[in-house]
Amino acid sequence: MKNILIVLVFSFSQVSVASNLGLGLSAESGDNFIYFPIVLSDSIRLEPFFGYSDDGEESISGVDESYSKNSYKSKSFGTGLFKYSKLNDNVHSYFGGRIAYIETERKTEISISLGENHY
């Protein structure tokens, strides 16, 4: 399944920009992203990114000894464009949106026990 995702982002940050190019990393619950913020002007920031997600779950039923395993993977890349404002010396805010290409993969394995035979 291929999706295009557009997200509006509201964020406050206490990060000072020392140069025009940065690097950001995010790792949370199997989601991993790398961001490359680029300051285009005093008020505009471009932020390309790459992401990868790998998650899954397993369940075993004690009644009939059936087993199922689901795995989910996704890859994404895109960019964000943000309006950047300096609220004071230590606090900056930005508002904007992201557009991304996301490719997802889902696998399901099921094993059912019927008496002595396993299928």
Side-chain angles (χ1 to χ4, degrees):
M1 180 190 314
K2 296 179 183 174
N3 299 312
I4 298 224
L5 177 69
I6 299 174
V7 178
L8 289 179
V9 177
F10 299 90
S11 180
F12 289 94
S13 174
Q14 292 186 337
V15 176
S16 296
V17 178
S19 67
N20 289 344
L21 180 62
L23 177 67
L25 303 173
S26 172
E28 179 183 340
S29 312
D31 294 333
N32 305 294
F33 288 91
I34 300 174
Y35 300 93
F36 302 97
I38 303 166
V39 177
L40 299 177
S41 72
D42 288 341
S43 63
I44 302 293
R45 175 181 284 182
L46 182 69
E47 194 170 275
F49 67 91
F50 299 95
Y52 177 76
S53 177
D54 190 358
D55 199 7
E57 60 185 33
E58 294 184 38
S59 64
I60 299 173
S61 171
V63 176
D64 59 2
E65 297 180 11
S66 64
Y67 166 84
S68 68
K69 179 180 179 182
N70 293 308
S71 64
Y72 311 93
K73 294 182 181 183
S74 70
K75 295 179 236 176
S76 60
F77 65 90
T79 191
L81 188 62
F82 301 96
K83 169 87 169 88
Y84 184 76
S85 300
K86 185 175 182 178
L87 300 176
N88 64 39
D89 287 339
N90 295 321
V91 179
H92 309 271
S93 70
Y94 53 94
F95 168 82
R98 294 187 191 277
I99 187 164
Y101 171 81
I102 302 171
E103 186 175 299
T104 59
E105 176 183 317
R106 177 181 176 184
K107 290 183 183 179
T108 301
E109 297 175 26
I110 299 174
S111 173
I112 300 174
S113 174
L114 301 173
E116 302 256 340
N117 298 322
H118 294 278
Y119 301 95

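As the structure is a computational prediction, the values presented were derived from the model and not from experiment. Just so you know, these numbers use all the heavy atoms, side chains as well, and skip hydrogens, waters and symmetry mates.
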How long is the straight-line distance from [atom2] of [Y] back to [atom1] of [X], given to the nearest 0.5 Å?
X    : Y    : atom1 : atom2 : value
S111 : K69  : OG    : NZ    : 12.5 Å
K75  : T104 : NZ    : OG1   : 11.0 Å
S74  : D55  : OG    : CG    : 9.5 Å
D31  : D54  : CG    : CG    : 10.0 Å
I38  : N20  : CD1   : CG    : 9.5 Å
F33  : S53  : CZ    : OG    : 7.0 Å

Using a 3.5 Å distance criterion without hydrogens, assess whether the side chain of S85 forms a donor-acceptor pair with backbone atoms of L87.
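It does not hold such a pair.
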Fit a plane to each ring of F50 and F36, take the angle between them on a 0 to 90° scale, and name the class: parallel (under 30°), tilted (30 to 60°) or perpendicular (over 60°).
perpendicular
Where [X] and [Y] come nearest, the two heavy atoms and their spacing:
X   : Y   : result
Y94 : Y84 : CB-CA, 4.1 Å
P37 : L23 : CD-N, 3.9 Å
F49 : S76 : CE1-OG, 4.2 Å
S26 : Y35 : CB-CE1, 3.9 Å

With clusters defined by side-chain heavy atoms of hydrophobic residues (ILVMFWY) lying less than 4.5 Å apart, directly or transitively, does L21 cluster with L46?
yes
State whether E109 and K107 are salt-bridged, where the test is any N-O pair (Lys NZ or Arg NE/NH1/NH2 against Asp/Glu carboxylate O) under 4.0 Å.
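Not counted as a salt bridge, because no side-chain N and carboxylate O are separated by less than 4.0 Å.
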Does a side-chain N-to-carboxylate-O contact under 4.0 Å join E103 and K73?
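Answer for the salt bridge query: no.
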Just so I know, are the side chains of E105 and Y72 near enough to count as touching, which here means a heavy-atom distance under 4.5 Å?
no
Do R106 and N70 have side chains that get closer than 4.5 Å, going by heavy atoms?
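They are in contact (side-chain heavy atoms under 4.5 Å apart), so the answer is yes.
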